[in-house]
Amino acid sequence: MAGRHFLQIPGPTPVPDRLLRVMHRAMEDHRSSAFPALTRSILSRLPQVVQQTKGEPFVFPATGTAMWEAALVNTVNPGGRLLAVRFGQFSHLFIQTARALGYQVDVIEEPWGDVADPARIEAALAADTAHEIQGVLLVHNETATGVTSDVAAVRAAIDRAKHPALLLVDGVSSIASLEFQFDAWGVDCAITGTQKGFMLPAGLGILYLSEKALARVDSCTMPRAYFDLRAMRANNAQGYFPSTPALSLLFGLDEALTMLLEEGMDAVAARHRLLANGVRAAVNAWGLRQCAKRPEIASNSLTAVMVPEGHDARRVIEIAFTRYDMSLGSGLNELAGKVFRIGHLGDTNRLTLAGALAGVEMALCDAGIPVTLGSGVGAALQQWRVSA
Ligand code: PLP
């Protein structure tokens, strides 16, 4: 098809030309005396993305899923007890990863479309008077349902319960697009990948640890090999990595950091908020519901849209793909066929999204879901006009 493909899934996101160009270069010797400059440029600036001033960031050739494992095996002893909230496919998979590693996970179930309830976390921790629970697993932005949990409120709940558990936060679809305050929210461990807010291909996993979490790395008795942060820390301190780094992606990450920090993380978050407001206005104008149960928990990085009863969201997605050259995110697990997801994170802007919303309108109509053509686009443009 002529023209460009609209990649409107919530990751991987479109890669800006500036990042494609910087990654398109010859390989270098990762043991050379020149190499540490790149390592240091990345590791010294990664903390700014999440407003971290204490602790350390780590980068692995890996993805977000791998960073769940890296976070756990470096901070939680074998068989350790954890507390997690399940409210979507990614919180479900985080729990599954922990269980596969032999941890015991107490699960607080919330309906999909809702978020973590700090009061329930507080109650569960308060009941653990022996302080067996070593960590609380929280997905900040549940990409399956398009909702954002309040990390600061969860930290406050842990503190109210006077519980020493670490707070381990999945920020895969929030970090580098939504506000993330690592220090101020009392996060001990945050994980992400490069294919969302960082606007790069998948392939690097990023892990941030607080000083409290770092203190556990050496004493943790969990067997680890590839994800052993002791080796990573020792190498990083010299400007190197323990194994061959994914060089192209590191060049890309270095430039992505420049782009994000040039824009400023507050401006990045504000841009995502503005774009999300327009998409939500479009969904309302179509008369459709979001998967997010309340407006205040709706995510600014993606919107999960419910199709009316009797319709199959997979058909909308297939029509958008085959007729209009646009990829939309599918419904995962229990949401399969019930929702389609519009990604609006990373390298995107109002006019790109206006085109995407136009494509959604046509696909909806073609799938027999009656919406007035132009209604959603018009509602979004009202939000997005500079004078609006
Ligand atoms: N956590 C969240 C919130 C995600 O959205 C994803 C992927 O979309 C993952 C974890 C898994 O990350 P990856 O696919 O990079 O392994």
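All ligand and atom numbering here is 1-based and tracks the order in the structure. Remember, predicted model here, so these are calculated numbers, not experimental data.
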Under 3.5 Å, sequence neighbours excluded: what are the donor-acceptor pairs made by side chains of residues 367-375?
from, atom 1, to, atom 2, distance (Å)
Ser375, OG, Thr372, O, 2.7

### Pairwise side-chain hydrogen bond (donor to acceptor under 3.5 Å, both in side chains) hits with a residue in residues 18-31, at least two apart
Arg18-Glu255, Arg18-Glu262, Arg25-Glu28
### Task
Can you label the angle between the Tyr208 ring and the Phe182 ring as parallel, tilted or perpendicular, going by 30° and 60°?
tilted
### Message
Is the terminal nitrogen or CZ of Arg4 (NZ for Lys, CZ for Arg) located under 6.0 angstrom from the six-membered ring centre of Phe6 and within 45° of that ring's axis?
### Response
yes
### Query
Would you call the rings of His163 and His131 parallel, tilted or perpendicular, where under 30° means parallel and over 60° means perpendicular?
tilted
### Pairs touching residues 62-89 that satisfy salt bridge (charged side-chain N to carboxylate O under 4.0 Å, His left out), sequence neighbours left out
Arg81-Asp106, Arg81-Asp128, Arg81-Glu132, Arg86-Glu109
For each nitrogen or oxygen atom of ligand 1, which protein N/O atoms lie closer than 3.5 Å, and how far apart are they, rounded to 0.1 Å?
from, atom 1, to, atom 2, distance (Å)
ligand 1, 1 (N), Asp170, OD1, 3.4
ligand 1, 1 (N), Asp170, OD2, 2.6
ligand 1, 5 (O), Thr143, OG1, 2.5
ligand 1, 8 (O), Lys196, NZ, 2.8
ligand 1, 15 (O), Gly64, N, 2.9
ligand 1, 15 (O), Gln195, NE2, 2.7
ligand 1, 16 (O), Thr63, OG1, 2.6
ligand 1, 16 (O), Gly64, N, 3.4
ligand 1, 16 (O), Thr65, N, 2.8
ligand 1, 16 (O), Thr65, OG1, 2.5

